[in-house]
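Worksheet: the structure to be examined is printed underneath.
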2 protein chains.
Amino acid sequence: MAGKDHPELKLRLTLRGGEWLGPGKADLLEGIAETGSISAAGKRMKMSYKRAWGLVEVLNGMFREPLVASSRGGAGHGGAELTETGHAVLRLYRRMQANAVSATEAEIAQLMQLTDIPDRK
Amino acid sequence: MAGKDHPELKLRLTLRGGEWLGPGKADLLEGIAETGSISAAGKRMKMSYKRAWGLVEVLNGMFREPLVASSRGGAGHGGAELTETGHAVLRLYRRMQANAVSATEAEIAQLMQLTDIPDRK
DNA sequence: CCCCGTTATCTCCGTCGGGATATAACGGAA
DNA sequence: TTCCGTTATATCCCGACGGAGATAACGGGG
C-alpha cells in the first residue's frame, strides 16, 4: 500500500563536484537511526550491504565530522548510530525538502494540469 | 569560465513512476529553444544525438501535448522548436527551481558550514 | 574457547545506460 | 536531379554501477 504518492519532488544538493546529498543517502541515514545497523537499514531499502556501506563511507567523508559511528563485536554484536552531526544533517535535509515542497506547490499543480494524469483529489 | 558554483540544488519532479522532469530534460528544452535543433542542443550538452532524441521522445509522451515540434528537410534543412506547452513547462520548471532555492537558503548555508569547504564569500 | 551478529573487504559477474557509428528519409534549393 | 543538414532509427560495444557471495575481524557472552 503506501499509495503511489505522485507527484513527488526530490532534491539533490551538490556540495562539491562529485559529492552530493540526495534522497537515497538521507533515507539511509534515517534507516540507520531507526534500526541501529547499517545492514538492517540497507536491507530495508532493498540494497546490498556493500552499497549501503559504500554510501556511509562517502557520507562520512563529505563533512568535517563523520555522520555515522559504527562498532564491531561486543555485547550488541556490533552496530551503527548517527552522530550529533549525522542527526543535524538529516534534520536539515528533511526541513529543506519540506520547505522546497511548500514553496513549489503552485508550479507543481500547474505542471500536473498539463499532463494527462487524472487529478484525483 | 562558469565557476564551479557550489553548492547547487537540483530538483527532480516525478509525475508518475518512471516519468520525471529534472535538470537534464529542462536544459535540453532550453537548448532546443535557443538553437532550434535537437542535435545542436544535444551537442552543446555533450550528449549524443541518440540520447537527446530519446529524451525528446519521452518528454513528448509525458504531457497531453508534445513539448517539441520537429521537421525534416525543407528550406532550413529540418529543425525543432518548443511548442506553446513546451515553453510553459520550461518556464514552470525554472520558476519551481528558483522558488525552491530561495526557500532553502538557510538550510543549505547550515549544511555547508558542516562541511570542510572554506566559505569563500 | 567457541558462539554470535555485525562491520569491513574482496572478487566475480550480469545488467544497463549511453556513446559511436551507419543508414535512410525528408524536402526545399541550386 | 543532385545537394544539403537535420530528423529518425538501428546495431554494436564498452565501462560503470551495483548485486551476490565469500571471508576475515571484532569483542562481549555463554
Side-chain angles (χ1 to χ4, degrees), chain A residues 10 12 14 17-62 65-83 85-86, chain B residues 10 12 14 17-62 65-83 85-86:
Chain A
K10 294 184 178 177
R12 168 183 285 192
T14 300
E19 291 189 352
W20 67 86
L21 182 62
K25 296 201 188 80
D27 288 349
L28 183 61
L29 284 178
E30 194 169 284
I32 291 172
E34 294 177 1
T35 64
S37 153
I38 295 176
S39 72
K43 198 165 298 183
R44 205 170 69 163
M45 297 176 64
K46 291 175 187 168
M47 68 170 63
S48 65
Y49 174 77
K50 174 191 173 186
R51 173 152 173 70
W53 184 86
L55 291 180
V56 168
E57 193 182 33
V58 170
L59 280 167
N60 280 342
M62 285 173 57
E65 299 172 14
L67 306 192
V68 176
S70 58
S71 64
R72 297 192 288 186
H77 299 288
E81 60 180 0
L82 295 198
T83 63
T85 303
Chain B
K10 294 183 179 179
R12 169 182 284 193
T14 300
E19 292 190 351
W20 66 85
L21 183 61
K25 295 201 189 81
D27 287 350
L28 183 62
L29 284 179
E30 193 169 285
I32 291 172
E34 293 178 0
T35 65
S37 154
I38 294 177
S39 71
K43 197 164 300 180
R44 206 171 68 164
M45 298 175 64
K46 292 175 184 167
M47 69 170 61
S48 64
Y49 173 76
K50 173 191 172 185
R51 172 151 174 70
W53 184 84
L55 292 180
V56 167
E57 193 183 34
V58 170
L59 280 167
N60 280 343
M62 286 173 59
E65 299 173 13
L67 306 191
V68 177
S70 57
S71 63
R72 298 192 289 187
H77 300 288
E81 59 180 0
L82 296 198
T83 62
T85 303

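Every chain is numbered from 1 and lettered A, B, ... according to where its sequence line falls, protein lines coming before strand lines. Everything quoted here is computed from the prediction, not taken from an experiment.
Boundaries of the chain B contact region on DNA chain D are D/dC4 to D/dT11, first to last in 5' to 3' order (nucleotide atom under 4.0 Å from a heavy atom).
One interatomic measurement links the two molecules: CH2 of A/Trp53 to C1' of C/dG5, which rounds to 18 Å at whole-angstrom precision. Straight-line distance from the CZ atom of B/Arg51 to the P atom of C/dT21: 19 Å, rounded to whole Å.
Summary of the strand contacts: A/Ser48 and B/Gly76 both lie near DNA chain D, and taking for each the nucleotide with the nearest heavy atom, the more 5' one is attributed to B/Gly76. When each of B/Ala75 and A/Tyr49 is assigned the nucleotide of DNA chain C bearing its nearest heavy atom, the one mapping closer to the 5' terminus is A/Tyr49. Mapping A/Gly78 and A/Glu57 onto DNA chain C by nearest heavy atom places A/Gly78 at the nucleotide closer to the 5' end.
Axis angle, first five pairs versus last five pairs of the helix from C/dC1-D/dG30 to C/dA30-D/dT1: 10°, rounded to 10°.
A 4.5 Å side-chain heavy-atom check between B/Leu29 and B/Lys25 finds every atom pair outside the cut-off. With contacts defined as side-chain heavy-atom distances shorter than 4.5 Å, the pair B/Val56/B/Ile32 qualifies. Side-chain contact between B/Leu59 and B/Leu21: present, with at least one pair of heavy atoms (C-beta onward) separated by less than 4.5 Å. You'll find the side chain of B/Val68 reaches within 4.5 Å of the side chain of B/Leu82, heavy atoms only.
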One pair to check against side chain to side chain donor-acceptor pair (under 3.5 Å): B/Ser37 and B/Thr35. What are the steps and the verdict? CA-CA 5 Å; B/Ser37 154; B/Thr35 65; 5.0 Å; no
Please evaluate residues A/Glu65 and A/Thr83 with respect to the criterion side-chain contact (heavy atoms from CB on, under 4.5 Å), reporting the C-alpha separation (whole Å), side-chain torsions for both, the decisive distance (0.1 Å), and the verdict. CA-CA 9 Å; A/Glu65 299 172 14; A/Thr83 63; 5.8 Å; no
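Of all heavy-atom pairs spanning A/Ile38 and A/Tyr49, the tightest one is CG2-CE1, 3.8 Å. Nearest heavy-atom pair across A/Ala52 and A/Gly42 is CB-CA, 4.1 Å. Counting all heavy atoms, side chain and backbone alike, B/Pro23 lies closest to B/Lys10 at CG-CB, 3.8 Å.
Nearest nucleotide to the side chain of A/Lys50, out of C/dC12, C/dT7, C/dC26: C/dC12.
To the nearest 0.5 Å, atom CZ of residue A/Arg44 and atom CD of residue A/Glu34 are 4.5 Å apart.
As judged by a 4.0 angstrom heavy-atom cut-off over every strand, B/Gly74 is placed among the base-contacting residues.
Taking a 4.0 Å limit (strictly below) on heavy-atom distances, residues 25-47 of chain B reaches DNA chain D at B/Ser37, B/Ile38, B/Ser39.
Residue-environment remark: CD (A/Glu30) exceeds the threshold of 12 foreign heavy atoms within 6.0 Å.
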